[in-house]
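First the proteins, then the strands, lettered A, B, ... as listed; each starts at 1.
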Amino acid sequence: MRVSDIVQPLGAEVLAAGSTFEHAEITGVVVSDLMSDVLVVEDTDFVLVSSLASEQVIRTADIVGAIAVVLVNGKTPPYNMRALAESLDQTFLRTSHTSFHTCRILAELLYPNSEATA
Amino acid sequence: MKRQNVIPLSTDEAPPIIVELVYQMKIKDVMTTEVVTAAKHDTLRSVQQLMRARSISGVPIVEGRRLVGIVSVDDVLTALDNGYIDDEIQDHMSRNVIVLEEDMPLSFAIQYYEKYSYGRFPVLGRNRMLSGIITSRDIIVALLIRLDREFEKLERQLGKRPLELHGTLRQQFATRRYDFEHAGRASTEIKKILKERSVDTKTVRRATVAAYELEMNQVLHSLGGTISLQLSAAAITIQADDIGPGINDVDDALQEGYSTATEWIRSLGFGAGMGLPNARRVADEFRIHSSSQGTHAMATIYLQEGHGEGIGTGSAS
């Protein structure tokens, strides 16, 4: 699953398309509004789902090597957040879905045959 | 008596950058060109009114643009004292005016303040006509602006060039309390430097996580400090030094979930009490020392195999 595959299901707006947009393979999802918690995650190649509209989300995503940031709840990011995503080559999406729905959609895409999401 | 107008700056012994500036800058770059003047047939009272209206303390007297004298606030006070305030200026003005020339370096003006006790000096242009006036305030303002620009230039150069000596690269970044706009910038730069030096992705991540946690700690909890990167063939060291107020109980702060963060810090996505434990977790070696003078933390990540691998077991000292 690639970032370009999740844009439409999430009804997402692409605020910044980094070099991960077309080709990076997403293998997991981390959802948190607490960047301290994201920094202890050891996975790689995940999408970071957050309702926190702050530059620090982009910095954290960059440091842990997240493939994309998805800002939920239809929040409008501050201008600097978008600018930072562009300068750090970080893919940055925005959706009007809640965290829960965003995760549900991502789970269905990631595990299409799983009973848990049926 | 204390001389009021002396500019306490040695034009010979000041730091080279200041000496260079005061010789480089010309009087004409600094002086005020809109000069309030009076004519010699005006009365001293009109000068007094002019001084009050324009908040100035000296008025050059001119014929056309030719300087013929000067009246200072002292002259006006003396005139009031002695009852000749309604006399014509030409009867009482100082005729031996000490002047500067607009093409002289600024150092001349500073030396004149050392030599003479005047508060201002009229400035003459090439044709010996009055072209401006200079006060110690003009000099201080112009110097501050130029110094500000020079420091910015220096800081930009410092920021760009990591210092590399005997195979060890060193780079330092400043952090300021509650400066969220720039918080994380040091870590982002560190990541860039490590990637440029072809350090492997996993190690880069560990080092930047340590740097970011320590950097956010400084921004959130300290009065400000520095984050330093040291990169040698053997190891990456991230050092965080702040100027206080110190951590009350370092052992508590190293417990996961222990936090002194306020609600608004949490609303920014930080303050879960994971910072120091996480910095220690990703490091092969972790040292921290704290007093009211400041906190000093050092996270080391080895680059050579066999010298400690994977996630390290840090220790507090």
_Residue among B:Pro277, B:Ala211, B:Gly269 with most heavy-atom pairs under 4.5 Å to chain A_ = B:Gly269
*Among B:Arg185, B:Lys202, B:Met216, residue most engaged with chain A (heavy-atom pairs, under 4.5 Å)*: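 Most heavy-atom pairs within the cutoff with chain A belong to B:Arg185.
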Engaged part of [X] at the chain B interface, taking heavy atoms whose separation is under 4.5 Å:
| X | answer |
| --- | --- |
| A:Thr44 | both |
| A:Glu55 | side chain |
| A:Asp33 | backbone |

*Quick one: do B:Arg206 and B:Asp284 satisfy salt bridge (Lys or Arg N to Asp or Glu O under 4.0 Å)? Show the steps, please.*
CA-CA 10 Å; B:Arg206 287 167 60 204; B:Asp284 291 315; 3.0 Å; yes
*More than 12 foreign heavy atoms under 6.0 Å from CD of B:Gln293: is that the case here?*
no
*Find out whether B:Ser228 and B:Ile238 are in side-chain contact, i.e. whether some heavy atom of one side chain is under 4.5 Å from a heavy atom of the other.*
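SC-SC contact between B:Ser228 and B:Ile238 ruled out.
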*A:Met81 vs A:Phe92 side-chain heavy atoms within contact, under 4.5 Å*: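 Yes, close enough: below the 4.5 Å cut-off.
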*With chain B, which of A:Thr60, A:Leu52, A:Leu39, A:Leu84 has the greatest number of heavy-atom pairs at distances under 4.5 Å?*
A:Leu39
*Counting N and O atoms only, with roles assigned by atom type, does the side chain of B:Ser290 sit under 3.5 Å from a partner on the main chain of B:Ile247, one being a donor and the other an acceptor?*
yes
